[in-house]
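Notes to accompany the following structure.
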Amino acid sequence: NLEALDKNFQDKVDREIKIEPKDYMPDAYRKTLIRQISQHAHSEIVGQLPEANWVTRAPNLRRKAVLLAKIQDEAGHGLYLYSAVETLGADREDTIDDLHSGKAKYSSIFNYPTLTWADMGMVGWLVDGAAIMNQVPLCRCSYGPYARAMVRVCKEESFHQRQGFEIVTQLARGTQVQKEMAQESLNRWWWPSLMMFGPNDAESTHTAQSMAWKIKRNTNDELRQMFVDATVPQAELIGLKIPDKDLKFNEETGHYDFGEIDWDEFWQVVKGYGPCNDERVAARKKAKEDGMWVREAANVYAEKRARRNKK
Ligand code: FAQ
């Protein structure tokens, strides 16, 4: 009976036994994973676009090669994650259609424009930095295929974070113009990076249940605080100023206190009204339409081969 199955499932989760694709799982657990993992996959794929803007503009060949490699890694992450979604019985194309129709979300951060070369540094340092903070605990997610995918993803994300910090460090140690470019970029990316962790815990609809199922291991606010604590000293090290007048180390708590996030801005971006939402979704739709003939040809070829093999 269902109740006993659910109890057995929760016992396994509590004992840290991974849930695998063919194991019993409650419907709501499956749905939550399909939602989170597919949205995560969409973020990796849409996340290539802001950086793609700089492939043809990178300042030298070395920077261009590194940037291309990083963007390819993000494509790989998207593919692992779509495969993880398929292990839950979801159809990959359906989840992609949900992205294109606006039904499925992807990270708010990728709806901001990349205006200067310093933004490539900022995306690596802050965006990948925030992504790692959120994804390292996901390596211990109760769902086996997601947890295992995250191990490799996190290794690659830490390289991305380091390459971003290296770009920013070079600029911060450069000429006055380069320093200003880095600071201006930090001013634009700081707050949207904090928004990546999602709404405050009190406003987060899914956190409590996802923590009980050990999909999430930390709350949104816990991870945001960890990110602030790790990143502020890095900014200080290279002489950049975090654009938050309320930012202050709190001796009592041992953490940095920081200012209030503009939640109106966050929800506007999440609901599709950010600076680049239309452009990002249009680019993904166009990529699907432009590549359709390849998929159609591959399908016809596969059918032809199958017919030939039957004979
Ligand atoms: N943007 O109840 P919660 C990367 C939505 S890293 C948009 O707290 P949950 C690497 C949320 O979906 C970025 N929507 O939800 C890279 C929910 O709406 P729904 C991707 C957001 O799931 C770097 C509603 O608000 N990482 O791509 C955002 O428990 C550089 C209520 O929120 C992941 O996806 C947001 N920022 O917690 C690539 C990690 N925050 O779904 C290229 C996996 C919240 O009911 C370049 N995901 N919402 O319609 C997670 O850890 C979680 O899903 C959270 C949200 C923490 C994102």
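This is a predicted model, so every value here is computed, not measured. Counting starts at 1 for both ligands and their atoms, in listed order. Index from 1, following the sequence.
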One line per pair, note the atom names and distance for all nitrogen or oxygen contacts under 3.5 Å between ligand 1 and the protein.
| unit_1 | atom_1 | unit_2 | atom_2 | d |
| --- | --- | --- | --- | --- |
| ligand 1 | 1 (N) | S108 | N | 2.8 |
| ligand 1 | 1 (N) | S108 | OG | 3.3 |
| ligand 1 | 2 (O) | S204 | OG | 3.0 |
| ligand 1 | 2 (O) | T205 | N | 3.0 |
| ligand 1 | 2 (O) | T205 | OG1 | 3.3 |
| ligand 1 | 2 (O) | H206 | N | 2.8 |
| ligand 1 | 8 (O) | S204 | OG | 2.7 |
| ligand 1 | 8 (O) | N220 | ND2 | 2.8 |
| ligand 1 | 12 (O) | Q39 | NE2 | 3.2 |
| ligand 1 | 18 (O) | K105 | NZ | 3.3 |
| ligand 1 | 22 (O) | R35 | NH1 | 3.0 |
| ligand 1 | 22 (O) | R35 | NH2 | 3.3 |
| ligand 1 | 29 (O) | K216 | NZ | 2.6 |
| ligand 1 | 36 (N) | S108 | OG | 3.1 |
| ligand 1 | 36 (N) | M195 | O | 3.3 |
| ligand 1 | 36 (N) | M196 | O | 3.3 |
| ligand 1 | 37 (O) | K216 | NZ | 3.0 |
| ligand 1 | 41 (O) | R35 | NH1 | 2.9 |
| ligand 1 | 41 (O) | Q39 | NE2 | 3.1 |
| ligand 1 | 45 (O) | H206 | NE2 | 2.6 |
| ligand 1 | 49 (O) | K105 | NZ | 2.5 |
| ligand 1 | 51 (O) | N134 | ND2 | 2.9 |

Atom pairs and distances, side-chain donor-acceptor, residues 102-109, under 3.5 Å, sequence neighbours left out:
| unit_1 | atom_1 | unit_2 | atom_2 | d |
| --- | --- | --- | --- | --- |
| Y106 | OH | N111 | OD1 | 2.6 |

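We find that K7 and E3 are not joined by a salt bridge, their nearest charged nitrogen and carboxylate oxygen being 4.0 Å or further apart.
Aromatic ring orientation, H40 versus Y146: perpendicular (interplanar angle above 60°, classes split at 30° and 60°).
N220 and R224 are not linked by any side-chain donor-acceptor pair at a separation below 3.5 angstrom, with hydrogens and angles left out of the test.
Looking at Q225, its side chain does come within 3.5 Å of a backbone N or O of Y256 through a donor-acceptor pair. A distance-only check finds a donor-acceptor pair linking the side chain of D201 to the backbone of D221 [under 3.5 Å].
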